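Shown next, in structure tokens, is the structure this report addresses.
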Amino acid sequence: MHTSRRDLLLTGACAASIGLIWTATARLRAEQPNPPPETTTIRLAKNPSICIAPQYVLSDLLNAEGFTNVVYVDSDAGVEQTKAIAKGDIDFTLHFSGPLLLEIDRGASITVVAGVHVGCFELFAKEDIRSVADLKGHTVGQQGVGSSPHVFISAMATLVGLDPAKDIEWVTSASVKPIELFAAGKIDAFLGFPPEPQRLRAQHIGHVIVNSALDRPWSQYFCCMLAGNREFVRKNPSPPSAWFVPCCARRICA
């Protein structure tokens, strides 16, 4: 059958029209209001960590989106917070990736919903320590086995060929924070989280050997993520995907 130029033009126009209609339909669907959340109550973590500060100013936004009962649950900023998510004491929280991944690997009932931001931590050291490899045989402060500093420093040490269990002398104090030990010259290095790096710079104490906002590969990974109790996420898929993440993003970017 002979195909005329007119037939080809009509066929092309029809194909283009379908594409335009599809695009317009997709835009209309995207602009439609989200369905209400499956639950009106959500429990978030509360601790001194600055990294999760957006959660503290979310109440009004979440109320407007249908979460009429926003509850804050006291927790630490490390291992216990991770366990609270797994047990269902906390529904969602922004949390450091290290402790989350360790517990997930052990079978904890946790679902990571989204990455949130990078660049939380900076590794400070004495002037004679110039790299992560130089930590071998030196004292490093941390808050406990499985804590965020312990996990992140162990990963950095492993990457450069060190055995963090054998090559690093870990120092843990129940009463004195690692930053205080470092400032007093009692340890050789520690991992600082805001506002600790800002304080040390102002006081001209130590120097940075790893900045997770700038140095690869750590600048390519999320240090903080949004995680929820696995069963809660399964039963209530709308909160993480349609409500909580956009609200947090608005506050983080503001």
Side-chain angles (χ1 to χ4, degrees), residues 34 37-121 142-152 155 191-196 212 218 221-254:
N34 289 317
E38 292 89 348
T39 179
T40 57
T41 297
I42 189 166
R43 296 169 299 171
L44 311 176
K46 180 182 179 182
N47 60 58
S49 173
I50 289 179
C51 290
I52 70 169
Q55 292 185 174
Y56 306 146
V57 291
L58 279 178
S59 294
D60 290 342
L61 288 174
L62 290 172
N63 288 158
E65 304 289 13
F67 294 99
T68 56
N69 186 29
V70 180
V71 180
Y72 288 97
V73 179
D74 289 326
S75 71
D76 72 346
V79 178
E80 294 306 314
Q81 179 171 288
T82 312
K83 293 179 179 179
I85 302 170
K87 290 189 297 183
D89 296 333
I90 294 173
D91 298 321
F92 283 101
T93 185
L94 304 182
H95 196 17
F96 297 115
S97 58
L100 286 172
L101 295 177
L102 285 180
E103 289 302 313
I104 290 172
D105 192 52
R106 294 174 182 137
S109 182
I110 296 172
T111 295
V112 173
V113 178
V116 180
H117 57 82
V118 300
C120 286
F121 56 84
Q142 48 104 356
Q143 298 163 321
V145 176
S147 65
S148 299
H150 180 250
V151 175
F152 287 136
L191 198 67
F193 294 81
E196 294 171 330
S212 64
W218 314 110
Y221 296 99
F222 289 113
C223 60
C224 287
M225 310 188 85
L226 176 63
N229 175 268
R230 185 177 300 159
E231 186 64 15
F232 184 87
V233 173
R234 186 187 67 80
K235 290 182 177 179
N236 307 283
S238 283
S241 60
W243 305 100
F244 192 86
V245 174
C247 286
C248 252
R250 270 179 272 174
R251 283 300 180 179
I252 290 172
C253 297

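Just so it is clear, the structure is predicted and the values come from calculations on it, not from any experiment.
Remark: the backbone N or O of T41 is paired with a side-chain donor or acceptor of T39 at under 3.5 angstrom. Checking side-chain atoms of D91 against main-chain N and O of R43 turns up a donor-acceptor pair under 3.5 Å. Looking at S75, its side chain never comes within 3.5 Å of a backbone N or O of A45 through a donor-acceptor pair.
Here E80 contributes atom CD and D74 contributes atom CG; the two are 13.5 Å apart, rounded to the nearest 0.5 Å. Expressed to the nearest 0.5 Å, how far CG of N63 lies from CG of N69 amounts to 9.0 Å. Annotation: the span from S148 atom OG to Q142 atom CD amounts to 11.0 Å, rounded to 0.5 Å. Expressed to the nearest 0.5 Å, how far CD of E103 lies from CD1 of I110 amounts to 6.0 Å. Taking CG of N229 as the start and CZ of R234 as the end, the distance is 10.5 Å to the nearest 0.5 Å. In this structure, CD1 on I42 lies 11.5 Å from CD1 on I90, to the nearest 0.5 angstrom.
Partner W218 forms a side chain to side chain contact (heavy atoms under 4.5 Å, CB included) with one of C223, S212, C120 and no other, that one being S212.
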**Q.** side-chain contact (heavy atoms from CB on, under 4.5 Å) assessment of V118 paired with F222
**A.** CA-CA 5 Å; V118 300; F222 289 113; 4.2 Å; yes
(Q) Show, in sequence, the C-alpha distance, side-chain angles and deciding distance for F96 and F193, and conclude whether the ring-ring contact (aromatic ring centres under 6.0 Å, His included) test is met. (A) CA-CA 11 Å; F96 297 115; F193 294 81; 4.9 Å; yes
